[in-house]
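Read through the structure below, which is laid out as structure tokens, and then see the notes.
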Amino acid sequence: MKLSDTISRSSGQRHITPIMMIVIMATLLILASCGYQNKAGGQSSTMVQVDNQGGSNTVAGALNSLSMIDEKVGWAQSMSISAKDGSISYAILRTTDGGVHWKVMLKCAPSQGLGRGFISPCYNEFHSATIATVMEPDYDNAKQQSYLRIFHTGDGGQTWESGVIIARNLETPPTFVDGLHGWILATDGFPGVDPGSAYIGQHIALYRTNDGGKTWQRIASGLATSQLSVTSDDAYGIAPLSASARMQFVTASTGWLAGTSYRKDNSQFSWLYVTHDGGSTWQQVSISISPQAAVLWSPRFFNAQDGLLPVLTSGPAPQYARGTMIYVTHDGGQTWTSTTVPFDVTNGEFLDMNHAWTGGATVDDKTFYTTSDGWRHWTKGYMNVAFKRIYGFSFVSPLVGWALGDNRVHFLPELGGGIRKGDIIAVLKTTDGGQTWQEIAHSVV
């Protein structure tokens with residue numbers, strides 16, 4: 001398996017293979033209420049109010065992701081498939097008692113298709129206990145126009161500002177650094193230059209808001225020219241404004257774009273860029289990343305000086321064993337050092353510059369790994385759970401974390417990835433680093 005294959009499979013909104021169908025539908029799991037009106041395209045701003053219903057220990061729908069901020073406050077997402085018309089909708093939920101009770105804070109109902117009858121999911125970023133962003137990909141059939149509705153809250157989901165961008169989402173979620181300043185990387189200017197791609201417009205563009213999502217400005221853009229002779233959505237654009245770019249901002253002025261791109265000869269290379277003016281201009285960072293490596297996740301900065309970039313590596317054929325190079329900076333990205341890890345931890349829970357936790361390679365793998373010395377040594381453990389599948393990990397310390405568990409055995413091609421009426425997804429909590437887990441809440445399909 002080549003890393004280029006890995007990159008293509010990682011971009012679930014593009015080339016839909018049976019494996020990625022499972023990934024997509026595992027990301028799509030069930031909803032509740034609260035909402036908004038007016039789904040027409042165009043620049044607009046609408047305030048969304050939340051109802052006053054209390055939280056529940058039993059969530060209606062199928063939970064699919066958790067993001068705990070501390071031991072009390074966290075966010076989650078669930079998905080619903082309507083029995084009436086098969087439409088998909090999501091609920092954004094919040095807890096203030098450590099995951100025991102959850103309250104619906106927002107409804108998200110995308111209409112942008114992925115092809116083959118699948119709908120693009122809602123994308124979110126839960127920045128803090130009070131700041132969250134949800135991006136809803138939609139499509140105006142009358143105008144044949146893609147657009148993004150962005151919901152943003154700075155008060156823990158009590159109210160949401162709703163704005164619209166005439167563009168289509170890419171692979172990196174929106175990001176905010178506070179209640180006002182946020183960015184979205186998207187593609188616009190349809191139809192694009194490549195008639196073989198229905199997903200990429202004429203440009204890859206960066207949009208910024210300084211007013212909490214009320215209005216958005218297009219501050220940088222580049223041609224979405226394919227770097228390959230064949231249609232491949234991962235190859236559109238020129239670094240750093242690339243379709244496969246991953247993004248993080250640290251402050252209102254400093255941000256990072258990282259990714260893996262192709263050359264005309266089909267070879268690949270990885271890169272890292274930084275901005276110090278809020279995204280208007282970008283400078284390439286001097287960092288030596290192996291040609292056989294792939295950037296699949298965003299840089300992770302814990303403050304203005306300390307950050308890391310996990311990069312996936314591949315061993316020789318025929319096993320192509322996965323590993324990780326973790327690049328670390330302590331001077332705001334001016335210099336980087338690297339540490340080799342002999343297995344894939346690129347999507348691990350990096351708690352700070354020394355501690356990390358990562359689950360097994362698959363959702364049915366009960367092993368896990370922890371480190372407390374800055375990635376140099378890892379300890380292997382085993383999750384003592386009765387559930388067949390455990391996933392959606394979220395840790396706030398080396399010992400305290402949450403996960404989702406279920407006993408599903410049915411998968412695609414059934415609608416919803418095999419989720420069936422009556423299925424239960426459990427919210428699990430550990431206080432001993434993952435050795436034992438306790439069910440504290442659940443969702444019912």
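The chain is numbered in sequence order, starting from 1. The figures here come from the full heavy-atom set of this structure, side chains too, leaving out hydrogens, waters and symmetry mates.
Remark: aromatic rings of Phe301 and Trp256 are close, center separation under 6.0 Å. Annotation: Trp357 is in aromatic contact with Phe368 [ring centroid separation under 6.0 Å]. Note: Trp282 and Tyr273 fail the aromatic proximity criterion, with ring centroids not under 6.0 Å apart.
Remark: the backbone N or O of Gly323 is paired with a side-chain donor or acceptor of Thr313 at under 3.5 angstrom. Although no hydrogens or angles enter the test, the distance criterion places no donor-acceptor pair under 3.5 Å between the side chain of Arg246 and the main chain of Val295. Asp365 contributes a side-chain N or O that, together with a main-chain N or O of Ala361, makes up a donor-acceptor pair within less than 3.5 Å. Within the 3.5 Å criterion, the main-chain N or O of Thr159 finds a donor-acceptor partner in the side chain of Thr153.
Considering only heavy atoms from C-beta on, Arg263 stays 4.5 Å or farther from Gln227 through its side chain. Between Arg94 and Met105, the closest side-chain pair of non-hydrogen atoms falls below 4.5 Å. Annotation: side chain of Thr329 is not in contact with side chain of Thr337 (no heavy-atom distance under 4.5 Å). Taking the side chain as every heavy atom from C-beta outward, Pro299 and Leu308 never approach each other to under 4.5 Å. No side-chain heavy atom of Ser286 sits under 4.5 Å from any side-chain heavy atom of Trp336. For the pair Val345/Ile326, a side-chain contact is recorded, criterion being any heavy-atom separation below 4.5 Å from C-beta on.
Take Ser338 and apply the side-chain hydrogen bond (donor to acceptor under 3.5 Å, both in side chains) test, not counting sequence neighbours, and it matches no residue.
Geometric assessment of Arg389 against the ring of Phe387 yields a negative cation-pi assignment under the 6.0 Å and 45° thresholds.
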Before giving the answer on ring pair (Phe, Tyr, Trp, His ring centres under 6.0 Å), spell out for Tyr207 and Trp183 the whole-Å C-alpha distance, their side-chain angles and the decisive distance to 0.1 Å.
CA-CA 6 Å; Tyr207 290 83; Trp183 296 261; over 10 Å; no

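Shown here is Trp297, whose CH2 atom has no more than 12 heavy atoms of other residues, nucleotides or ligands within 6.0 Å. Applying the 6.0 Å contact sphere to NZ of Lys264 captures more than 12 heavy atoms from other residues, nucleotides or ligands.
One distance of note links CG of Asp97 with CD of Glu71; it measures 13.0 Å at 0.5 Å rounding. To the nearest 0.5 Å, atoms OG (Ser443) and CD1 (Ile425) are separated by 4.0 Å. To the nearest 0.5 Å, atoms OG1 (Thr275) and CE (Met247) are separated by 11.5 Å.
Ring geometry, Trp160 versus Trp75: the interplanar angle exceeds 60°, so the pair is classed perpendicular (tilted spans 30 to 60°). Aromatic ring orientation, Phe176 versus His152: parallel (interplanar angle below 30°, classes split at 30° and 60°). Ring pair Phe393/Trp437 is tilted by interplanar angle, where 30° to 60° counts as tilted.
For the residue pair Gln435 / Asn384, no side-chain donor-acceptor distance below 3.5 Å is found, with atom types taken as modelled. Checking Trp378 against Thr370 by side-chain atom types alone, no donor-acceptor pair falls below 3.5 Å.
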